[in-house]
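Presented below is the structure to which this report refers.
Computation of the quantities below employed the complete heavy-atom set of this structure, encompassing side-chain atoms and omitting hydrogens, waters and symmetry-equivalent molecules.
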Amino acid sequence: MLGFQDPVADAIGLLRPRTVVGPSLRAVGEWALRFETFLHVRIGGLVRGTCWLTLDGHEPVLLREGDTFMLGNPPPYVLASTPGARPRPAQEVWAGAVDGFVRIGPESDQDVYLCVGHIGFDEQNAALLTDLLPPLVIVRAADPHGARLGQLIDHLATEVGSAAAGGPLVQNHLAQILLVHMLRAHAGQTDRPTGWLGALNDDGIGTALRAVHADVAHSWSLQELAELSHMSRSAFAQSFKSHVGVPPLEYLIQWRMSLARDALARDTLSISELARATGYQSESAFSTAFRRVVGASPAKFRDEARRSVTSEG
């Protein structure tokens, strides 16, 4: 049986996040660093000072002390003391990190202090999150979530600069907590958070999403989900699609197939067991749905996953 409870926890669990934190940046004077495009998510925050963040094709944005930002599959971008500063490749500067820090200019009590972390996901399911995020989310220090995020960034920065036992483990957990709080803040900033992010808002749609995740094997009908949300069928269907981006039963199919891809990649259930666990009465019905969504049969997908594991080993 596939056991799931909360849409947010379930989705992040399927993402299997891997975090790389630091080095942190301390800089004074005029400086600019260009970061090339990368996959998945980067989270950072200003522990002290101000700097400018410019995504390719976008206007510069001023970040102030206590602000936190999240980048989702972004284009190349520049962090700089001023928008007009000439950037140099960040990779070259990052390679010179010492004790978890990159320093530009002399030590100073007035330096910019920036902490960043990169969070990568299992490629099979990364789109569960990255497809829902804009390239840039900023939570200002004055935002209702800002103080908590600022404290987490400050704590993370302290861990990066410390040689205490268990540091990497603490950094990994803090980065994932930051991710969840950033997603909550983003959902709060957005009138219509899409996908499972809609479950972060305590409303009727969130109730339906939680029910689907709690019992994915149930043969959910539109009427049942509408009743849980205390709406008529037509109002529920319209509201769900507006919030989540797809009709309710299509979301159910997509979520089932996300679970199926994960189980097949880890080879934890037979195809017939997986069919029952995801709400299908027969292996053939499950295989048809899987092929429609994924583009390959469950057996072929599992075999390719096995070959990939063998080649990596």
For [X] against [Y], the heavy-atom pair lying closest together:
| X | Y | result |
| --- | --- | --- |
| A175 | I43 | O-CD1, 4.4 Å |
| L55 | P74 | CD2-CB, 4.1 Å |
| F121 | A126 | CB-CB, 4.1 Å |
| S282 | A285 | OG-N, 3.1 Å |
| P135 | P75 | CB-CD, 4.3 Å |
| W31 | V28 | CD1-O, 4.0 Å |

Under 3.5 Å, side chain of [X] to main-chain N/O of [Y], donor-acceptor pair present?
| X | Y | result |
| --- | --- | --- |
| S297 | S287 | no |
| S239 | A235 | no |
| E224 | S221 | yes |
| T268 | L264 | no |

- prompt: Could you walk me through whether H118 and T19 pass the side chain to side chain contact (heavy atoms under 4.5 Å, CB included) check?
  reply: CA-CA 6 Å; H118 178 214; T19 63; over 6 Å; no
request  = Measure the CG-CG distance between L132 and L183 for me, rounded to the nearest 0.5 Å.
outcome  =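 It is 9.0 Å, given to the nearest 0.5 Å.
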Distance col, row F101:CZ vs S24:OG, nearest 0.5 angstrom, shows 5.0 Å
Looking at [Y] and [X], is any side-chain nitrogen of the basic one under 4.0 Å from a carboxylate oxygen of the acidic one?
| X | Y | result |
| --- | --- | --- |
| D122 | R18 | no |
| K300 | D303 | no |
| E36 | R42 | no |

Could you check whether any side-chain heavy atom of [X] comes within less than 4.5 Å of a side-chain heavy atom of [Y], counting everything from C-beta outward?
| X | Y | answer |
| --- | --- | --- |
| M231 | I205 | yes |
| L156 | V21 | yes |
| M182 | V41 | no |
| H186 | P134 | yes |
| P23 | W94 | yes |
| V137 | L71 | no |
| L274 | F290 | no |
| H40 | I119 | no |

What about [X] and [Y], same hydrophobic cluster or not, with Ile/Leu/Val/Met/Phe/Trp/Tyr joined at side-chain heavy-atom distances under 4.5 Å?
| X | Y | value |
| --- | --- | --- |
| V20 | L39 | no |
| L114 | L62 | no |
| V78 | V116 | no |

Discussion item. If you apply the rule side chain to side chain contact (heavy atoms under 4.5 Å, CB included), what do you find for Y113 with L25, and how did you get there?
Written reply: CA-CA 6 Å; Y113 187 179; L25 172 68; over 6 Å; no
*Tell me, yes or no, whether the heavy-atom count around Q91 atom CD, taken from other residues, nucleotides or ligands under 6.0 Å, exceeds 12.*
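Atom CD in Q91 is not packed in, count stays at 12 or less.
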| request: For atom CD of Q238, decide whether the heavy atoms of other residues, nucleotides or ligands shown that lie under 6.0 angstrom number more than 12. | output: no
**Asked** Angle class for the W255/Y251 ring planes (parallel below 30°, perpendicular above 60°, tilted otherwise)?
**Response** parallel
Q.
Would L179 and M70 count as a side chain to side chain contact (heavy atoms under 4.5 Å, CB included) here? Give the steps.
A. CA-CA 8 Å; L179 173 64; M70 177 169 62; 4.1 Å; yes
For this session: Could you point out which residue of R256, R16, R302 forms a salt bridge (charged side-chain N to carboxylate O under 4.0 Å, His left out) with D262?
Result: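 Only match with D262 under salt bridge (charged side-chain N to carboxylate O under 4.0 Å, His left out): R16.
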Quiz item: Are V112 and S81 close enough, and set up right, to give a side chain to side chain contact (heavy atoms under 4.5 Å, CB included), and what steps lead you there?
Solution: CA-CA 9 Å; V112 172; S81 57; over 6 Å; no
- [ ] Indicate, with yes or no, if the rings of W52 and Y77 have centres closer together than 6.0 Å.
- [x] no
Residues pairing under side-chain hydrogen bond (donor to acceptor under 3.5 Å, both in side chains) where one sits in residues 55-75, two or more places apart or in two chains, turn out to be R34-D56, D67-R140
Discussion item. Under the criterion salt bridge (Lys or Arg N to Asp or Glu O under 4.0 Å), I'd like the reasoning laid out for E30 against R88: C-alpha separation, chi angles, the key distance, then a yes or no.
Written reply: CA-CA 12 Å; E30 183 172 287; R88 51 178 165 159; over 6 Å; no
